[in-house]
There are 2 protein chains.
Amino acid sequence: MKGKNTHQGPEKKEAGLEPAGICRLLGLKLTPQRLAILEYLDGNTAHPGAEEIYAAVAGRFPGLSLATVYNTLASLRDKGRLLELSIDPAKRRYDPRTRPHHHLICISCSRIVDIEHTFDLEIPEALKMGYEITGNEIGFYGLCPDCNKTDAKRQPDIRQGGSHVRRP
Amino acid sequence: MKGKNTHQGPEKKEAGLEPAGICRLLGLKLTPQRLAILEYLDGNTAHPGAEEIYAAVAGRFPGLSLATVYNTLASLRDKGRLLELSIDPAKRRYDPRTRPHHHLICISCSRIVDIEHTFDLEIPEALKMGYEITGNEIGFYGLCPDCNKTDAKRQPDIRQGGSHVRRP
DNA sequence: CCCTTCACTTGTAATCATTCTAAATTGAAA
DNA sequence: TTTCAATTTAGAATGATTACAAGTGAAGGG
């Protein structure tokens, strides 16, 4: 763990704009803490939670407060630069990739990967119940390669139910 | 609030089987607390959280413990009789309708309605990253009729971002 | 370059949902 | 009945997130 980020692999980043630029663009004050957080998030595909972000950034930036992480995440989220995912029931996860995409989460270890693919999700007008729809997100559930190996012998019925079934 | 349930409207229930039958079928002991919870959940389309279930059932069943609600929900979930939704970042919600379906949540008041519609969600093999997919759930985000009315004048940009943007 | 100011940061307390625990209770099988 | 494991219960414990009050520093104006 030495590089700029703890990526899951080589990934294409969002359309340019380094941390400082983002702050200026959003009208946010340019503080070192923010820059460090932004930098950690930039191109990160691990969908980290607040605590993880804190741990990672605090390493390079001693004295950082967890509260600052939450504050920063909140403003980025409010400004639309960050997606706050509720796909993991244990905690909120953050995704710097703001272009619409979906997620695939392991029901055993909670690892999340992005699904960059467009689906046709037109809801029949009759089912919209008068809602004005602004977005959508698909959560795919399954077993990641690692867990699939390990769990092969577990009760098979645990996988029934067709949908987002979580392990005890 | 007098009827059997606090439904959102007339709804078709899951394929028969009253509370007692469900317990027997699942090999669960038939306790009055469980029956009361099952009864409350039966046909309920409000996607209640644990606290709400507790409050509702405790009304008719004084002495009920919140822990029991959590216990019961956990066993029903494990047995596949109940879906545990993480669509609401504030808390887990429960859905007795176990047939695959999707949800539409109001980004302002968190009201959830079911979307009973089948979508074609084939993920290109190349994007599956080796995961064995067991299910999926689409979360549609938007404004419910009520909030849409109330919020009409709010900052329009809050609705940008394309996806699950939550109100501060 | 020096002020001034208010957005930010910080540490900590408070809150909230959920889980854990250990003891008491009770279905249900024998 | 008797028995015993499953279940219920109150309350403590945990973990994530939010709230708060006081201190700090980035940034614009002079």
Side-chain angles (χ1 to χ4, degrees), chain A residues 19-38 40 47-58 60-79 81-82 84-94 110 166-168, chain B residues 19-38 40 47-58 60-79 81-82 84-94 110 166-168:
Chain A
I22 295 178
C23 282
R24 275 191 277 269
L25 177 69
L26 301 179
L28 295 175
K29 220 175 250 183
L30 228 154
T31 74
Q33 295 87 331
R34 271 223 261 263
L35 292 179
I37 295 173
L38 255 325
Y40 172 72
H47 308 84
E51 198 74 48
E52 284 150 272
I53 297 172
Y54 169 69
V57 177
R60 277 184 287 156
F61 200 103
L64 177 70
S65 165
L66 182 56
T68 298
V69 175
Y70 276 106
N71 287 339
T72 299
L73 293 175
S75 20
L76 291 173
R77 180 243 288 142
D78 292 346
K79 303 277 189 179
R81 284 303 296 201
L82 195 61
E84 189 173 60
L85 310 180
S86 19
I87 196 178
D88 181 348
K91 61 173 181 294
R92 301 188 194 165
R93 304 244 208 146
Y94 296 87
S110 294
R166 277 199 309 124
R167 296 297 167 92
Chain B
I22 294 178
C23 282
R24 276 190 278 267
L25 176 68
L26 301 180
L28 294 175
K29 221 177 249 182
L30 227 153
T31 74
Q33 295 88 330
R34 272 225 261 261
L35 293 179
I37 294 172
L38 254 325
Y40 173 72
H47 308 84
E51 197 74 49
E52 284 151 273
I53 297 171
Y54 169 70
V57 178
R60 274 183 289 157
F61 199 103
L64 177 70
S65 165
L66 182 55
T68 298
V69 174
Y70 275 106
N71 286 341
T72 299
L73 293 175
S75 23
L76 291 174
R77 180 244 287 143
D78 292 346
K79 304 276 188 180
R81 283 305 295 202
L82 194 62
E84 188 174 60
L85 310 180
S86 17
I87 196 177
D88 181 348
K91 61 175 182 291
R92 299 188 195 165
R93 304 247 207 144
Y94 296 87
S110 294
R166 276 199 310 124
R167 296 299 169 92

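Proteins come first, then strands; the chains are lettered A, B, ... in the order of their sequence lines, and each starts at number 1. Here the structure is a predicted model, which means the values were calculated and not measured.
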Practice problem: Would you tell me if any nitrogen or oxygen in the side chain of A:Thr72 comes within less than 4.0 Å of OP1 or OP2 on C:dC8? | Solution: no

Quiz prompt | Among D:dT17, D:dT9, C:dT18, the one nearest B:Lys91 by side-chain distance | solution = C:dT18

Quiz item: Counting only N and O atoms by type, is there a donor-acceptor contact under 3.5 Å from the side chain of B:Lys91 to the main-chain atoms of B:Gly49?
Solution: no

Quiz prompt | Length of the line joining B:Asp78:CG and D:dT7:P, which is rounded to integer Å | solution = 12 Å

Quiz prompt | B:Leu73 and B:Arg92, any side-chain heavy atoms less than 4.5 Å apart | solution = no

Quiz item: Taking the side chain as C-beta and beyond, is there a heavy-atom pair between B:His47 and B:Asp88 under 4.5 Å?
Solution: no

Quiz item: Any side-chain N or O of B:Thr68 under 4.0 Å from OP1/OP2 of D:dT9?
Solution: yes

Self-check item: Value in whole Å for how far the P atom of C:dT18 lies from CD of B:Glu52
Solution: 10 Å

Self-check item: Side chain of B:Ala67 - closest among C:dC20, D:dT8, C:dA7
Solution: C:dC20

Quiz item: Does B:Arg92 make a side-chain N or O approach to OP1 or OP2 of C:dT19 shorter than 4.0 Å?
Solution: yes

Quiz item: Base, sugar-phosphate, or nothing: which does A:Gly49 touch, judged by heavy atoms less than 4.0 Å apart?
Solution: nothing

Quiz prompt | Heavy-atom donor-acceptor pair, B:Arg34 side chain to B:Lys29 backbone, under 3.5 Å | solution = yes

Quiz prompt | Length of the CG-C1' vector between B:Leu26 and D:dT7, whole Å | solution = 15 Å

Quiz item: To the side chain of B:Pro32, which of D:dT9, D:dA26, C:dG27 is closest?
Solution: C:dG27

Exercise. Using whole Å, report how far OH of A:Tyr54 lies from C1' of D:dA16.
Key: 15 Å

Quiz prompt | Separation of C:dA17 P from B:Asp88 CG (nearest whole Å) | solution = 11 Å

Exercise. Mind checking A:Lys29 for me? I need base, sugar-phosphate or nothing, with any heavy atom below 4.0 Å counting as a touch.
Key: base

Practice problem: Starting at atom CD1 of B:Ile53, determine the distance to atom C1' of C:dT18, rounded to an integer number of angstrom. | Solution: 13 Å

Quiz prompt | Side chains of B:Gln33 and B:Thr72 in contact at under 4.5 Å (non-hydrogen atoms) | solution = no

Quiz item: Taking atom C1' of C:dT26 as reference, at what distance in whole Å does atom CG of B:Asn71 sit?
Solution: 15 Å

Quiz item: Under 4.0 Å between a side-chain N or O of A:Gln33 and OP1 or OP2 of C:dT10?
Solution: yes

Self-check item: Selection from C:dT10, D:dT17, D:dT7 that lies nearest to any side-chain heavy atom of A:Ala50
Solution: D:dT17

Quiz item: Under 4.0 Å: is that the gap between some side-chain N or O of A:Arg34 and OP1 or OP2 of C:dT9?
Solution: yes

Quiz item: Is there a side-chain polar atom (N or O) of B:Tyr70 under 4.0 Å from OP1 or OP2 of C:dT19?
Solution: no

Quiz prompt | A:Leu25 side chain near A:Arg81 side chain, heavy-atom distance below 4.5 Å | solution = yes

Quiz item: Starting at CG of A:Leu66 and ending at C1' of C:dT9, how long is that distance when rounded to a whole Å?
Solution: 12 Å

Exercise. Report the residue (B:Arg93 or A:Ser65) whose heavy-atom-nearest nucleotide on DNA chain C is the more 5′ of the two.
Key: A:Ser65

